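As the structure is a computational prediction, the values presented were derived from the model and not from experiment.
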Amino acid sequence: MGQTLVDFTRVRLFSGLTRASLQEIAHMTRISTVKKGQLIYQADEQATRLHFLLDGWVKVLSAHADGRELTLHILGPGEVFGEDCVLGGDLYGTTVEALEDSLIAMISKVDFVRVQDRHVHLATALAKLINHRLRRTYEQVADLVFHAVPDRLTHLLLTYYKALGAADDFSGCVKLTHQEMANLIGCSREAVSTAMGNFRNAGLVHYLHRAITRVDAEGLSRLLRESPHSPLLASEGPAMRRSARPSIHGLHTGASSRAVSRVASGRSGVPARSSSSITAA
């Protein structure tokens, strides 16, 4: 038996469908509750179902044989994943894991194709969704190649978090750990902790109970404008130096504390303290 209609109105792919069409789709789906940390599917499994996230948060990742992970996307309520099955792929190309307890609906490839044949705009909507994710992946690759760790973390805070929250308020977003942020920007957890400590001391990020609640988007943007290639490359510890990619303009690591201080001074008139403390696990 399918899920209630109200759940499927949250799925962006189905925007514009009538109540009757949504009810039809609901009856074709199987609903599953997954626990935090549970794998929904893994790369190279048979791609047989399209998934709709009704509630909760998941991450789409690529895993290396040695245990390292690169997070490609964080998806929230209303998002679709597992699209490999309707794009001609026999196997899933990524792994998807629940970041918190989540409610997921699944529809078979055969049933979705049947629905798509009756609602041709779904193909266009799915193509737009995939194009958007590809563009984000291209930006992520460019960040990994051309930018140092703090650049990438600043970009994450300005684009990813802000897109999920309301303005600068992250209270309704999934709570990412420093390790999960590191997996998103391709570095070590220690490097993220060092940069986030600097950000917090400069008043650029704010925490409550070890979770980010707000960022100073204007301050972070100014940081990127002042030093677009290596704005906060920390000089406090070896973890940051090891994991940072070399800047294409060869800026040295001493730019870190000066850049933070300039931004903090511009906000409060008081230079920021330099710190490498871990602010959240």
Side-chain angles (χ1 to χ4, degrees), residues 1-63 71-140 160 163-164 166 172-174:
M1 196 66 177
Q3 182 67 349
T4 60
L5 177 63
V6 65
D7 288 327
F8 282 86
T9 60
R10 304 185 71 181
V11 179
R12 296 183 182 90
L13 186 64
F14 297 151
S15 176
L17 291 183
T18 65
R19 181 183 180 88
S21 296
L22 288 175
Q23 196 71 57
E24 176 190 12
I25 293 170
H27 283 283
M28 292 180 176
T29 61
R30 180 168 67 86
I31 306 299
S32 177
T33 300
V34 296
K35 296 294 184 181
K36 178 180 178 179
Q38 181 178 338
L39 296 182
I40 298 161
Y41 60 74
Q42 297 186 67
D44 296 329
E45 283 186 11
Q46 288 292 321
T48 58
R49 292 183 176 88
L50 187 64
H51 299 68
F52 311 115
L53 186 56
L54 303 179
D55 193 29
W57 295 84
V58 302
K59 64 178 177 179
V60 182
L61 61 96
S62 178
T71 301
L72 303 174
H73 306 290
I74 302 289
L75 305 179
E79 295 286 356
V80 180
F81 57 97
E83 62 273 9
D84 311 69
C85 72
V86 293
L87 296 177
D90 295 325
L91 305 175
Y92 291 119
T94 55
T95 296
V96 178
E97 177 184 333
L99 282 172
E100 58 182 43
D101 293 352
S102 302
L103 186 66
I104 296 171
M106 293 163 281
I107 186 171
S108 72
K109 174 182 178 179
V110 172
D111 284 338
F112 183 77
V113 169
R114 188 181 301 134
V115 171
Q116 190 174 256
D117 287 343
R118 288 197 291 272
H119 304 281
V120 293
H121 75 279
L122 287 179
T124 302
L126 188 60
K128 288 181 178 178
L129 178 149
I130 294 167
N131 181 62
H132 174 70
R133 289 186 187 163
L134 278 174
R135 290 180 61 186
R136 285 177 58 185
T137 301
Y138 295 154
E139 291 173 358
Q140 189 175 16
Y160 171 74
L164 292 181
C173 299
V174 64

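Considering CG of Leu22 and CZ of Phe14, their distance stands at 7.5 Å, rounded to 0.5 Å. Atom CG of Leu129 sits about 6.5 Å away from atom CD of Glu79, to the nearest 0.5 Å. Atom NE2 of His119 and atom CG of Leu13 lie 11.5 Å apart (nearest 0.5 Å). Separating the CD1 atom in Ile104 from the CD1 atom in Ile40 is a distance of 3.0 Å, to the nearest 0.5 Å. Summarising the geometry, atom OG1 belonging to Thr33 is positioned 9.5 Å from atom CG belonging to Leu54; distances are rounded to the nearest 0.5 Å. Expressed to the nearest 0.5 Å, how far CZ of Phe8 lies from CG of Leu17 amounts to 11.5 Å.
Note on residues 108-118: pairs passing side chain to side chain donor-acceptor pair (under 3.5 Å), not counting sequence neighbours, are Glu24-Arg118, Ser108-Asp111, Asp111-Arg114.
Thr71 and Gln140 get closest at one heavy-atom pair: O-NE2, 2.9 Å. Heavy atoms only, all atoms of each residue included: Ala47 and Asp84 are closest at CB-CB, 4.2 Å. Of all heavy-atom pairs spanning Pro77 and Gly56, the tightest one is CD-O, 3.2 Å.
In this structure, the ring pair (Phe, Tyr, Trp, His ring centres under 6.0 Å) partners of Tyr41, at least two apart in sequence or on a different chain, are His51, Tyr92. Every residue meeting the side chain to side chain contact (heavy atoms under 4.5 Å, CB included) condition with Asp44, not counting sequence neighbours, appears here in chain and number order: Leu91.
A distance-only check finds a donor-acceptor pair linking the side chain of Ser102 to the backbone of Trp57 [under 3.5 Å]. Using a distance-only test at 3.5 Å, with no hydrogens or angles considered, no donor-acceptor pair links the side chain of Thr29 to the main chain of Ile107. Judged by distance alone, the side chain of Asp55 and the main-chain N or O of Leu103 form no donor-acceptor pair under 3.5 Å. Using a distance-only test at 3.5 Å, with no hydrogens or angles considered, a donor-acceptor pair links the side chain of Asp101 to the main chain of Lys36. Between the side chain of Ser15 and the main chain of Arg12, no donor-acceptor pair closer than 3.5 Å is present.
Side-chain contact between Val34 and Val58: absent, with no pair of heavy atoms (C-beta onward) separated by less than 4.5 Å. At least one side-chain heavy atom of Thr137 sits under 4.5 Å from a side-chain heavy atom of His73.
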